[in-house]
Amino acid sequence: MTSSTPAPDAPSDGEGSPVGRRLVLGMLGLGAAGLVSAPYVQRGTESVLGAVSGKDPTGVTGLLPNGGGFRYYSVAPSVPHRGPRDYGLAVGGLVDRPAHHSLADLRAMPQQRMVRDVQCVTGWRVPHTPFEGVRLSHVLELAGVRPEATAVRFTCFDGIYSESLTLKQALRDDVLVALRMQDKNIGHEHGGPVRLYVAPMYFYKSAKWLSGITLTREVQPGYWEERGYSVDGWVGRSNGRDDAPTAA
Ligand SMILES: Nc1nc2c(c(=O)[nH]1)N[C@H]1C(S)=C(S)[C@@H](COP(=O)(O)O)O[C@H]1N2
Ligand SMILES: [Mo]
């Protein structure tokens with residue numbers, strides 16, 4: 001945790017699980033090429049997924065037609081479709097004002113657009129991808145985060161996936177409750193109607209089919225984090241961050 005710490009803004013909230021921490025530090029030592037093929041990562045995730053075909057360990061189930069380089073990922077075999085009539089985002093846990101936002105509610109909130117590179121931890125990358133939605137910090141402000149909360153847990157209506165951020169990470173300007181991707185409403189395959197978008201981190205942080213935001217006392221590792229990935233999923237220089245580390 002000295003010279004190979006992932007990012008200048010990471011150490012102060014570096015409460016990733018011990019396993020995740022070790023894994024990322026190990027991958028940093030391998031450099032960018034090592035990250036793509038790190039056997040440690042592949043073994044860990046493949047043994048979990050078992051039946052996944054191909055080289056990709058994080059649950060790739062196919063290339064999206066017209067996806068512009070995106071791969072379709074879902075750890076759930078099937079995911080219900082939700083739209084304007086039945087979509088809801090519950091905000092709860094350590095907040096003063098628990099809320100349930102409909103799609104219309106979210107669309108009526110201030111929208112933020114940003115264009116960054118999407119980077120999966122397994123190596124594929126889609127440059128200059130516009131995302132648009134409500135800043136997570138805005139949603140959290142509406143809810144009134146209690147002082148004892150230090151982390152945010154995200155859950156999904158696929159019933160399986162989850163993600164986590166420290167509160168400090170969650171309050172960054174470049175973390176969105178995203179409604180649009182590639183200048184279109186987010187389609188079902190990409191986690192629509194609403195997904196999380198954590199621009200400065202690997203794409204596993206960007207939970208698809210977002211349905212719950214819960215403020216917690218401590219970080220609760222998400223789906224991939226329980227399987228060896230870091231809570232602190234900062235992307236390196238490849239995402240165009242000028243404050244990024246050189247190795248990852
Ligand atoms: N609910 C859910 N969100 C998820 C995943 C998943 O399996 N389920 N996979 C993650 C991973 S590893 C990646 S790379 C991206 C892929 O997003 P895409 O399917 O839109 O390309 O979603 C992330 N969010
Ligand atoms: Mo991924």
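Atoms within each ligand, like the ligands themselves, are counted from 1 in listed order. Only a predicted model underlies this, so the values are computations on that prediction, with no experimental measurement involved.
The residue A76 has no part lying near ligand 1, judged by heavy-atom distances below 4.0 Å. By the criterion of a heavy-atom distance under 4.0 Å, the side chain of D158, and not its backbone, is placed next to ligand 1. Contacts with ligand 1 closer than 4.0 Å are made by heavy atoms of both the backbone and the side chain of F203.
H128 places a side-chain heavy atom less than 4.5 Å from the side chain of D117. Side-chain contact between L94 and T150 is absent, with no heavy-atom pair separated by less than 4.5 Å. Two residues are said to be in side-chain contact when any heavy atoms from C-beta on lie closer than 4.5 Å; Q169 and V198 fail this criterion. M181 is not listed as a side-chain neighbour of Y197, based on a closest heavy-atom distance of 4.5 Å or more.
By the 3.5 Å distance cut-off applied to N or O atoms, C156 is not counted among the residues near ligand 1. Checked by distance only, ligand 1 and Y204 stay at 3.5 Å or farther apart across all their nitrogen or oxygen atoms. Geometrically, ligand 1 and W124 share no nitrogen or oxygen pair separated by less than 3.5 Å.
For ligand 1, the atoms sitting less than 4.0 Å from at least one non-hydrogen atom of S74 are 6 (C), 7 (O), numbered in the order shown with element in parentheses. With ligand atoms numbered from 1 in the order given, ligand 1 contributes 18 (P), 19 (O), 21 (O) to contacts under 4.0 Å with heavy atoms of R71. Within the listing of ligand 1, atoms 18 (P), 20 (O), 21 (O) sit less than 4.0 angstrom from a heavy atom of H190. Within the listing of ligand 1, atoms 21 (O) sit less than 4.0 angstrom from a heavy atom of F70. Atoms of ligand 1 found under 4.0 Å from any heavy atom of C120, numbered from 1 in the order shown, are 14 (S).
Considering each of K205, Q119, R195, the one bringing a non-hydrogen atom nearest atom 22 (O) of ligand 1 is R195. By heavy-atom distance, the residue among Y72, W209, Y161, Y223 lying nearest atom 5 (C) of ligand 1 is Y161.
Geometric assessment of R227 against the ring of Y223 yields a positive cation-pi assignment under the 6.0 Å and 45° thresholds.
Residues K208 and E163 are not paired through a salt bridge, judged by the lack of any N-O separation under 4.0 Å between the basic side chain and the carboxylate.
Residue contact check for ligand 1: G191 places no non-hydrogen atom closer than 4.0 Å to it.
Side-chain atoms of D173 and Q112 form no donor-acceptor pair, as typed in the model, at a separation below 3.5 Å.
Residues in residues 151-160 take part in no salt bridge (Lys or Arg N to Asp or Glu O under 4.0 Å) pair, two or more places apart or across chains.
Side-chain atoms of R116 do not come within 3.5 Å of backbone N or O of P200 as any donor-acceptor pair.
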